[in-house]
Amino acid sequence: MMVQWIRRINIKDKMKKKAFWGKLLAAFFVLMALSTVVSRAADSVIVPRVRLERASSGSLNYSFKGSGIIIASEGKLVTLPEKLRVREITKPGTTVEEGDALALIDTDELTKMLDEEKAALDKLRLQLQKEQLDAVPDAMTPQAYSAGKSLELARKHFDEASAKLDEAARAEETGALERQKQLDEKKKAAYDTFVKAGGESSSEAKAAYEEAVRSAEEEARNLKAEKDAQMDALKQNLDAMRDALEQAQAAYDVAQAEDKNAAVNRQKASQGSGIVQEGMKIDMEQQQKKVDRLQEVMDADGVVKSPVKGTVTENSLAEGMVTSGQEYIRIGTGGYEFRAAIEKENAMKLKAGDAMEVEFSGKKDKQILKITDIRAEQSESGGQNSGSADGTAAGGEAGKGQAGQESILYLTAKLDGEDYAAGTEGSYTIDKESDIRYDWILPVEAIREDQSGTYCLISRKKDTILGEEYVAERLNLVKKAKDINKVAVEGNLDNKTDVIIESSKEIDEGDRFQIEEKD
């Protein structure tokens with residue numbers, strides 16, 4: 001009984017311990033669940049919520065607005081020289097016949113200007129004559145001529161020295177044989193005398209024989225030494241002539257090179273002078289035109305005449321002014337066109353044939369016109385506004401002068417009929433799709449820029465102990481074109497790339513975020 005009681009107590013203790021650890025484990029899981037809930041709740045407050053969108057292919061939509069004026073599309077432009085005082089002018093709108101007066105110039109100022117321009121023409125003519133004279137090369141003897149003469153003389157001296165040495169060598173060859181023959185004969189005669197005098201038995205005969213042989217050999221050596229000295233002198237002279245010939249040859253080569261360089265330089269100078277003369281002739285032609293134009297006005301007693309029949313559409317002259325050479329009178333001879341300024345950046349997105357909706361002052365109905373020309377020609381009126389892509393007229397750009405005009409182009413559209421008046425203002429609107437279909441287009445809100453370039457932020461999924469998280473990752477892009485709402489880009493995109501379009505809080509590369517569910 002005692003054993004069974006102890007066993008029951010042990011079983012109860014084990015059951016209590018098991019229940020305790022079970023409760024503790026359950027509390028742990030409850031705590032973890034609460035922590036996850038709290039963490040998720042904190043994330044929902046701290047982590048930004050973003051809206052995603054995927055890039056797609058398509059076209060951009062452009063919209064431009066601006067203003068312009070009606071001008072005479074056909075006509076004659078009459079210009080005036082500078083420094084002339086204008087007494088009277090013909091007002092725009094006046095109908096003129098060929099030969100009618102367009103302006104009246106003060107003849108006193110005209111006479112003075114004509115004399116100055118004639119003097120300038122004479123000066124140009126004299127300058128041309130001087131340039132033509134300077135272009136004629138001075139008489140000169142080529143350096144290679146005198147160097148060639150020296151080379152010929154050096155070669156002659158070398159050949160003479162060489163011939164003398166050859167002749168002496170041949171003579172020495174014969175002389176050496178002759179000396180050897182004479183030596184042998186003298187030795188034989190001495191020997192014969194030696195034998196007759198008693199030979200070996202006579203010491204006096206032997207001594208006389210030896211003296212005779214020694215004397216003959218010494219004489220032969222002296223003759224040979226003398227001939228060798230003569231040959232050495234001839235060889236030294238030949239070496240000197242060879243050195244002189246080589247120096248003369250080198251001097252001749254240098255002289256030839258100098259003559260060749262001088263010829264090239266003369267040719268360049270002649271070509272340069274020819275170009276200068278052509279430029280001076282052009283200046284003379286232009287100056288002659290000025291003189292002829294002034295003379296034409298002078299012959300007409302200061303009257304600037306119309307070269308055609310038509311209507312004066314523009315006249316930039318003013319009574320009492322002194323001309324600057326930029327003034328003109330335009331005479332319309334029929335036909336009208338609408339011309340309007342537009343920013344160069346926007347003009348590059350248009351082409352001839354594109355439609356533009358135009359509303360003219362005083363006309364109720366709008367007209368659809370076709371662009372016939374896009375050019376970098378400054379408007380004569382100076383009053384047109386450049387079209388802006390954001391739908392506003394950028395009038396300030398057109399009024400910046402020459403520097404501002406570098407960013408302005410001009411649209412031209414032909415007008416049908418004659419029911420128009422030059423100078424009438426009109427406003428235009430152009431709406432069109434881009435001619436290019438782009439591979440990837442993103443909303444403008446997705447595009448970011450920093451010192452490293454253009455980029456966007458894309459979504460990357462990341463596994464953590466608390467589950468899946470989304471992290472912003474940088475993707476570099478290249479901008480190709482844009483409109484008001486969209487940007488065409490190039491980059492490592494595909495049709496499954498989720499791009500961050502907007503965020504509830506500021507977000508940057510590496511930041512975590514939550515995805516805002518679509519409605």
Side-chain angles (χ1 to χ4, degrees), residues 56-75 334-400 404-444 479-490:
S56 60
S57 62
S59 302
L60 298 177
N61 296 310
Y62 301 130
S63 181
F64 311 121
K65 292 183 179 181
S67 62
I69 61 170
I70 294 176
I71 63 173
S73 59
E74 298 176 5
Y336 296 93
E337 61 187 19
F338 176 66
R339 183 172 299 171
I342 186 170
E343 291 178 3
K344 184 175 182 179
E345 180 182 358
N346 296 332
M348 301 305 291
K349 300 167 185 174
L350 302 174
K351 66 180 187 301
D354 287 342
M356 58 191 308
E357 186 180 69
V358 184
E359 183 176 9
F360 292 110
S361 300
K363 291 184 177 290
K364 183 178 180 181
D365 297 332
K366 297 180 179 179
Q367 296 189 38
I368 303 299
L369 306 178
K370 295 289 185 181
I371 297 174
T372 56
D373 190 24
I374 303 174
R375 53 186 149 176
E377 178 184 339
Q378 186 171 348
S379 169
E380 291 85 355
S381 69
Q384 299 170 20
N385 292 331
S386 58
S388 172
D390 61 2
T392 62
E397 287 293 333
K400 286 185 178 180
Q405 290 296 339
E406 294 178 358
S407 63
I408 300 297
L409 296 182
Y410 292 87
L411 307 176
T412 302
K414 192 74 174 177
L415 295 171
D416 295 329
E418 298 292 329
D419 188 21
Y420 299 97
T424 302
E425 295 184 354
S427 59
Y428 69 84
T429 301
I430 302 174
D431 293 308
K432 67 163 290 184
E433 284 190 352
S434 62
D435 297 321
I436 302 174
R437 184 174 179 83
Y438 297 96
D439 293 333
W440 302 114
I441 291 179
L442 289 172
V444 68
K479 283 197 298 186
K480 304 298 291 183
K482 68 175 183 177
D483 60 22
I484 298 176
N485 301 313
K486 296 173 293 182
V487 180
V489 297
E490 284 184 357

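On a predicted model such as this, the values are computed, not experimentally measured, just so you know. Basis for what follows: all heavy atoms, side chains included, without hydrogens, waters or symmetry-related copies.
For the atom pair CD (E343) and CG (L409), the distance works out to 10.5 Å, reported to the nearest 0.5 Å. Atom CG of D431 sits about 9.0 Å away from atom CZ of F64, to the nearest 0.5 Å. The distance from atom OG of S407 to atom NZ of K344, rounded to the nearest 0.5 Å, is 8.5 Å. In this structure, OG in S67 is found 7.0 Å from CD in E425, a value given to the nearest 0.5 Å. How far NZ of K482 is from CG of L442: 14.0 Å, rounded to the nearest 0.5 Å. To the nearest 0.5 Å, the span separating OG on S59 from NZ on K486 amounts to 7.5 Å.
Atom NZ of K432 has more than 12 neighbouring heavy atoms from other residues, nucleotides or ligands inside a 6.0 Å radius.
Scanning all heavy atoms of the two residues, the minimum distance from A340 to Y428 falls at CB-CE2, 3.5 Å. Heavy atoms only, all atoms of each residue included: D483 and N485 are closest at OD1-N, 2.9 Å. Nearest approach of R339 to E337, heavy atoms of both residues: NH2-OE2, 2.8 Å. Taking every heavy atom of both residues into account, E433 and N61 meet most closely at CG-OD1, 3.3 Å. Closest approach of L411 and M356 over heavy atoms only: CD1-CE, 4.3 Å.
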Under 3.5 Å donor-acceptor pairs involving side-chain atoms of residues 366-374, not counting sequence neighbours:
residue : atom : partner : partner atom : Å
Q367    : OE1  : Y420    : OH           : 3.3
Q367    : NE2  : Y420    : OH           : 3.3
T372    : OG1  : T412    : O            : 2.9
D373    : OD2  : R375    : NE           : 3.0

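Side chain of S434 to main chain of L60: a donor-acceptor pair is present (N/O by atom type, distance under 3.5 Å, no hydrogens or angles). D354 contributes a side-chain N or O that, together with a main-chain N or O of K351, makes up a donor-acceptor pair within less than 3.5 Å.
In this structure F360 satisfies the ring pair (Phe, Tyr, Trp, His ring centres under 6.0 Å) test together with F338, sequence neighbours excluded.
At a threshold of 4.5 Å between non-hydrogen side-chain atoms, the residues V489 and Y438 do not count as touching.
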Using the side chain to side chain contact (heavy atoms under 4.5 Å, CB included) rule, take L415 and I70 through it: C-alpha gap first, then chi angles, then the decisive distance, then the call. CA-CA 9 Å; L415 295 171; I70 294 176; 3.9 Å; yes
